[in-house]
Amino acid sequence: MAGLVFYCRPGFENDTANEVQEKATEQGIHGYVQAKPNEGYITFNCHQASDADVLARGLKLDELIFARQLVCFTAFVENMDVKDRIDPIVGQLDDFPECGDLIVESADSNSGRELVKFCRQFTVPLRNALRKSRHLCGFENEMQPVMHVFFVKTDAAYIGYSYRENSSPYLQGILRLRSPSEAPSRSTLKLDEAFRVLLPEEQKEQQFSGAHAVDLGACPGGWTYQLVRRGMFVQAVDNGAMATELMESGQVQHYAEDGFKFAPKKKNVEWLVCDMIEKPHRVAKLMAEWFEKKWCHQAIFNLKLPMKQRYQCVLECLEIIDDILSSKSMNYQYRVKQLYHDRDEVTVYLWRCRKAK
Ligand SMILES: C[S@@+](CC[C@H](N)C(=O)[O-])C[C@H]1O[C@@H](n2cnc3c(N)ncnc32)[C@H](O)[C@@H]1O
């Protein structure tokens with residue numbers, strides 16, 4: 001038995017399954033998905049065991065919308081004696097690559113949450129045993145894959161590994177951020193996470209300070225707050241009221257206007273961000289039009305997905321963007337992800353690039 005486990009937000013198992021099945025087929029790899037509602041993970045079971053490793057390298061986590069983590073599993077151990085869960089796990093590792101680190105974790109679901117404390121406590125004794133049996137390097141080695149033991153029940157776990165260059169470095173694939181007490185809303189975490197997770201490494205190096213930004217649907221100002229704290233000057237567009245402290249920063253101008261009709265006053269906008277609660281197709285079209293008119297260079301926006309066929313809807317939105325921008329022969333790229341701080345929505349980072357696509 002071999003395949004991949006994908007962690008996702010509980011409730012999004014179907015979307016993750018549809019996406020993974022489609023991407024695996026594109027890679028010519030055949031298997032079947034197992035997914036149960038609200039479990040916070042799905043598995044893709046390969047018909048040929050050797051395909052699991054091929055998929056773990058070929059399917060890029062950065063390009064998956066709904067998956068938070070991707071682990072190649074080689075075994076599923078069930079009915080373990082809870083007095084000794086180490087031996088049955090070590091007994092499954094005959095053809096396992098030598099790993100540089102170990103993560104013991106569970107899903108971000110109701111049942112998974114009950115296992116968190118156990119996983120934390122179990123890590124040290126398991127790590128010691130794996131070092132002794134030489135399945136784990138004697139020190140943390142960043143050149144080697146990371147071993148994952150993913151508990152789904154107290155006596156059942158998937159045993160697998162991930163490649164560092166194609167996995168999330170965070171426990172459960174989740175970057176946990178603390179909401180700054182002075183931020184006007186908890187939505188602030190969505191944009192903070194987007195900047196930290198969606199931007200490719202080279203884009204993270206860019207100079208934010210002094211850049212001009214537009215925030216469509218800005219009130220009360222959680223996203224504007226993230227732009228301001230990065231030193232940007234923000235045109236905040238919304239009919240609602242902005243938090244007073246943000247306005248006192250001197251970096252924000254408030255426009256009580258319709259975000260669909262707003263046009264920037266000067267051609268100096270680097271960043272467009274948008275968190276308007278609106279139909280996703282409409283938002284996608286608006287974002288593409290800003291790029292078409294060369295009103296901004298980079299954008300981060302949310303697509304709200306209250307419907308059932310969420311994966312299909314995101315694909316339609318991306319098609320709208322592709323149609324508009326490729327008809328103008330624009331060089332652009334995007335990354336789309338359901339972030340940890342997103343709810344029924346995904347976040348898109350869209351940027352104009354200098355090199356040909
Ligand atoms: C989810 S809230 C934004 C929260 C904000 N990003 C934050 O972090 O505080 C959505 C906002 O979009 C605004 N909005 C919805 N439709 C809009 C439109 N057509 N033009 C401007 N703002 C709009 C609403 O007034 C609301 O304040």
Side-chain angles (χ1 to χ4, degrees), residues 9 175-199 208 211-265 269-293 295-296 298-307 310 313-314 317 320-321 336-350:
R9 184 180 177 85
L175 171 61
R176 290 171 199 275
L177 297 166
R178 207 170 275 169
S179 190
S181 55
E182 66 280 14
S185 69
R186 271 190 67 80
S187 296
T188 198
L189 295 178
K190 285 192 257 178
L191 188 59
D192 197 13
E193 187 183 355
F195 274 118
R196 292 167 192 267
V197 171
L198 288 182
L199 271 59
F208 293 101
H212 290 260
V214 170
D215 183 355
L216 301 179
C219 292
W223 283 33
T224 294
Y225 170 85
Q226 290 297 334
L227 302 169
V228 165
R229 67 174 270 228
R230 285 171 173 78
M232 297 189 224
F233 294 93
V234 187
Q235 297 165 48
V237 183
D238 198 310
N239 274 316
M242 289 294 284
T244 321
E245 276 177 26
L246 259 185
M247 299 307 295
E248 284 168 357
S249 67
Q251 286 170 242
V252 184
Q253 265 190 301
H254 182 196
Y255 297 90
E257 293 182 30
D258 181 348
F260 285 91
K261 296 189 182 141
F262 179 83
K265 311 297 168 218
V269 176
E270 176 66 29
W271 280 95
L272 169 66
V273 301
C274 173
D275 190 25
M276 289 191 288
I277 300 174
E278 249 298 342
K279 289 195 178 70
H281 300 83
R282 216 179 155 208
V283 170
K285 182 165 178 279
L286 179 71
M287 297 297 105
E289 286 168 353
W290 270 66
F291 279 76
E292 189 187 12
K293 292 174 188 155
W295 281 358
C296 64
Q298 312 181 59
I300 292 178
F301 54 95
N302 269 0
L303 299 173
K304 313 285 178 189
L305 305 170
M307 67 291 293
R310 291 173 287 215
C313 176
V314 177
C317 291
I320 291 173
I321 295 173
V336 189
K337 201 92 198 158
Q338 185 177 43
L339 302 172
Y340 174 63
H341 295 96
D342 282 337
R343 288 171 184 266
D344 286 356
E345 59 202 334
V346 293
T347 303
V348 184
Y349 170 44
L350 171 66

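Both ligands and their constituent atoms are indexed starting at 1 by order of listing.
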Shortest non-hydrogen contact between L305 and V346, atoms and distance: CD1-CG1, 3.8 Å

Numbered atoms of ligand 1 (with element) below 4.0 Å of F260, judged on heavy atoms: 19 (N)

Distance-only criterion, 3.5 Å: show the donor-acceptor pairs between side-chain atoms of residues 238-245 and protein atoms not counting sequence neighbours.
residue	atom	partner	partner atom	Å
D238	OD1	G240	N	2.8
D238	OD2	A218	N	3.2
D238	OD2	C219	N	3.1

K304/D344 salt bridge by N-O under 4.0 Å criterion: no

Subset of ligand 1 atoms that lie under 4.0 Å from at least one heavy atom of G222: 7 (C), 8 (O), 9 (O)

R176 atom CZ: more than 12 heavy-atom contacts under 6.0 Å: yes

Ring centre gap for F195 and F208 strictly below 6.0 Å: yes

Per-atom contacts, ligand 1 versus A218 - under 4.0 Å to a heavy atom: 5 (C), 7 (C), 9 (O)

Within 45° cone and under 6.0 Å: K190 NZ/CZ vs Y340 ring: no

Heavy-atom pair with the smallest gap, counting every atom of A263 and W295: CB-CH2, 3.6 Å

Whether R186 lies under 4.0 Å from ligand 1, heavy atom: no

Backbone or side-chain N or O of G240 under 3.5 Å from ligand 1 N or O: no

Atom 21 (C) of ligand 1 - nearest protein heavy atom and its distance: G259 N, 3.3 Å

Close approach, D258 and ligand 1, non-hydrogen under 4.0 angstrom: yes

Residue part near ligand 1, for K190, under 4.0 Å between non-hydrogen atoms: neither

Numbering as shown, the atoms of ligand 1 that approach D275 to under 4.0 Å (heavy-atom distance): 1 (C), 3 (C), 4 (C), 5 (C), 6 (N), 10 (C)

W223 and F301 aromatic centres sub-6.0 Å: no

Separation of S187 OG from D342 CG (nearest 0.5 Å): 10.0 Å

Closest approach of any protein heavy atom to atom 22 (N) of ligand 1, naming residue and atom: G217 CA, 3.6 Å

E257: numbered ligand 1 atoms lying under 4.0 Å from its heavy atoms: 20 (N), 21 (C)

Shortest protein heavy-atom distance from atom 4 (C) of ligand 1, along with the residue and atom involved: C219 O, 3.2 Å

Atom 17 (C) of ligand 1 [closest protein heavy-atom partner, distance rounded to 0.1 Å]: M276 SD, 3.4 Å

Pair E289 + K285: basic N to acidic O under 4.0 Å: yes

Where ligand 1 meets S187 - atom numbers and elements under 4.0 angstrom, heavy-atom basis: 7 (C), 8 (O)

Under-4.0 Å heavy-atom contact with ligand 1, by part of S185 that carries it: side chain

Ligand 1-proximal atoms of P184, by part, heavy-atom distance under 4.0 Å: neither

Protein heavy atom at shortest distance from atom 11 (C) of ligand 1: D238 OD2, 3.5 Å

Interfacing atoms of ligand 1 (cut-off 4.0 Å, heavy-atom, P220): 9 (O)

Considering all heavy atoms, the nearest L272-M287 contact: CD2-SD, 3.6 Å

